> 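Can you read through this structure? Questions will come right after.
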Amino acid sequence: MSFNLNPGRRAVIGVPYTWLLIFFLLPFLIVFKISVSEMETVRFKDLITYSEGVLHLSIRVANYVFITQDDLYFKTYLTSLKYAAITTVCCLWIGYPFAYFMARANKAVQASLLMLVMLPFWTSFLLRVYAWKGLLSEGGWVAEAMGAIGIEPLLANLGLIPAPGQLMNTPFSLVIGMVYTYLPFMVLPLFATLSKMDIRLLEAASDLGSTPWVAFWRVTVPLSRPGILAGAMLVFIPCVGEFVIPELLGGPSTLMIGRVLWDEFFANNDWPMASSVAVVMILLIIVPLALFNKAQAESQEGQR
């Protein structure tokens, strides 16, 4: 088999790999190097030293051992993964119907609907999160509306808030903020996938006796799987390391790994420990995604 490529194809393939090498792999290797280094005041000891004809390799794994032994890190990792998964499911639940409606809407209306989805990006992310802080605080519009509807006792029974009238600094306020922030990242990939779907497939399913609901589950959902996966990754990955939203809208019961990273870097000034936490967080995300993508590729090859 020959792997000779013309210069154009080499450039097309090489540019993305070069981008990943410079902006992902190299920074990751730098962070990993810091995580296994020993800190001396404001600098790090060299991993490889040479003295008197002897080459010394010094790798410090105490930080990784400490992570496995301390319950704080284990709980924050689980909390981060839990809230990221909840946010992803909520975004899919809300975003799929909206993306489906956008894809089936008139072409003249689609541009306006797409602009509405992208409109929040025209405002500062920090200001939008602060706005939710005001809306959910006592006397805020959302807090007043939920009190009038009488939904707060249900949220209290589910453990999302400690008591009626206390919406801020709770799991409820955290999930609301993250779903609002990352919902467009779910809607846009779904819209891109659903808008390309051939409507004649649904007509064929109807001619074969399928009800609209059966046709949706047997035709539309499987064909929109690439958009679902893309949207889920775009929401789940940044949610795991989110810091601003948990800091402003969450509370002590919603401690996530982003806050732990901040404390290790800037409060404790322990860069090797913070880098170790970051490396483990990256591996918790990248390894399952790589295995999942491999399984997806194998299943697609098996269907051909």
Side-chain angles (χ1 to χ4, degrees), residues 20-51 54-88 125-126 129 169-171 173-175 177-178 181-182 233-292:
L20 291 175
L21 175 66
I22 296 175
F23 293 101
F24 176 76
L25 184 58
L26 288 181
F28 175 77
L29 292 178
I30 293 172
V31 173
F32 179 74
K33 174 185 177 297
I34 295 175
S35 70
V36 295
S37 302
E38 189 172 349
M39 195 169 183
E40 291 181 330
T41 59
V42 294
R43 65 180 300 274
F44 305 100
K45 287 185 178 180
D46 295 329
L47 296 181
I48 301 176
T49 57
Y50 179 81
S51 62
V54 180
L55 192 66
H56 299 275
L57 176 63
S58 177
I59 297 179
R60 188 171 182 267
V61 297
N63 293 327
Y64 292 99
V65 175
F66 184 73
I67 289 175
T68 61
Q69 295 175 346
D70 194 329
D71 291 339
L72 171 66
Y73 298 101
F74 180 73
K75 290 179 181 178
T76 51
Y77 281 126
L78 285 183
T79 302
S80 300
L81 293 173
K82 178 181 73 173
Y83 284 116
I86 292 173
T87 302
T88 303
F125 163 73
L126 191 60
V129 177
N169 299 323
T170 62
S173 60
L174 173 65
V175 172
M178 291 208 297
T181 302
Y182 291 103
M233 287 190 289
L234 287 174
V235 173
F236 182 82
I237 292 175
C239 280
V240 173
E242 181 59 55
F243 167 72
V244 175
I245 299 174
E247 179 68 14
L248 295 179
L249 300 181
S253 61
T254 58
L255 182 63
M256 295 179 66
I257 201 62
R259 176 67 191 188
V260 175
L261 276 172
W262 173 274
D263 290 338
E264 293 291 355
F265 268 117
F266 301 105
N268 301 335
N269 199 27
D270 190 350
W271 285 42
M273 188 67 207
S275 299
S276 302
V277 174
V279 169
V280 174
M281 181 182 69
I282 293 172
L283 294 178
L284 284 175
I285 298 172
I286 295 298
V287 172
L289 285 178
L291 295 175
F292 179 77

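Predicted model only: the values in this text are computed from it and were never measured.
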> Got a list of side-chain donor-acceptor pairs under 3.5 Å for residues 66-74, not counting sequence neighbours?
from, atom 1, to, atom 2, distance (Å)
Thr68, OG1, Val65, O, 2.6
Asp70, OD1, Leu72, N, 2.9
Tyr73, OH, Glu264, OE2, 2.6

> Might you point out which heavy atoms bring Thr254 and Pro246 nearest each other, and give the distance in Å?
O-CB, 4.4 Å

> How would you list, by chain and number, every residue that makes a side-chain hydrogen bond (donor to acceptor under 3.5 Å, both in side chains) with Asn63, sequence neighbours excluded?
Arg60

> Do the side chain of Thr88 and the main chain of Val235 share a donor and acceptor less than 3.5 angstrom apart?
no

> Return the CD to OG1 distance between Glu242 and Thr87, rounded to the nearest 0.5 Å.
9.5 Å

> Any chance you could measure Ile257, atom CD1, to Thr79, atom OG1, to the nearest 0.5 Å?
9.0 Å

> Start with the C-alpha distance between Met178 and Leu174, add both sets of side-chain angles, then the distance that settles side-chain contact (heavy atoms from CB on, under 4.5 Å), and finish with yes or no.
CA-CA 6 Å; Met178 291 208 297; Leu174 173 65; 4.2 Å; yes

> According to the salt bridge (charged side-chain N to carboxylate O under 4.0 Å, His left out) rule, which pairs have a member within residues 270-286, sequence neighbours left out?
none

> How close do Cys239 and Met256 get, heavy atom to heavy atom, and via which atoms?
O-CE, 3.4 Å

> Could you check whether any side-chain heavy atom of Ile245 comes within less than 4.5 Å of a side-chain heavy atom of Thr181, counting everything from C-beta outward?
yes

> Side chains of residues 24-38: which donor-acceptor pairs under 3.5 Å do they make with residues two or more places apart or in other chains?
from, atom 1, to, atom 2, distance (Å)
Ser35, OG, Phe32, O, 2.5
Ser35, OG, Tyr64, OH, 2.6
Ser37, OG, Lys33, O, 2.5

> Could you note down all residue pairs passing salt bridge (charged side-chain N to carboxylate O under 4.0 Å, His left out) where residues 246-257 supplies at least one of them, sequence neighbours left out?
Glu247-Arg259

> Identify the two heavy atoms, one from Asn169 and one from Leu248, that lie closest to each other, and give their separation to 0.1 Å.
OD1-O, 4.1 Å

> Return the CG to OH distance between Leu234 and Tyr182, rounded to the nearest 0.5 Å.
11.0 Å

> Who pairs with Phe243 by ring pair (Phe, Tyr, Trp, His ring centres under 6.0 Å), at least two apart in sequence or on another chain?
Trp262

> Are the side chain of Tyr83 and the backbone of Pro171 linked by a donor-acceptor contact shorter than 3.5 Å?
no

> Between CD1 of Ile86 and CG of Leu81, what distance do you get to the nearest 0.5 Å?
11.0 Å

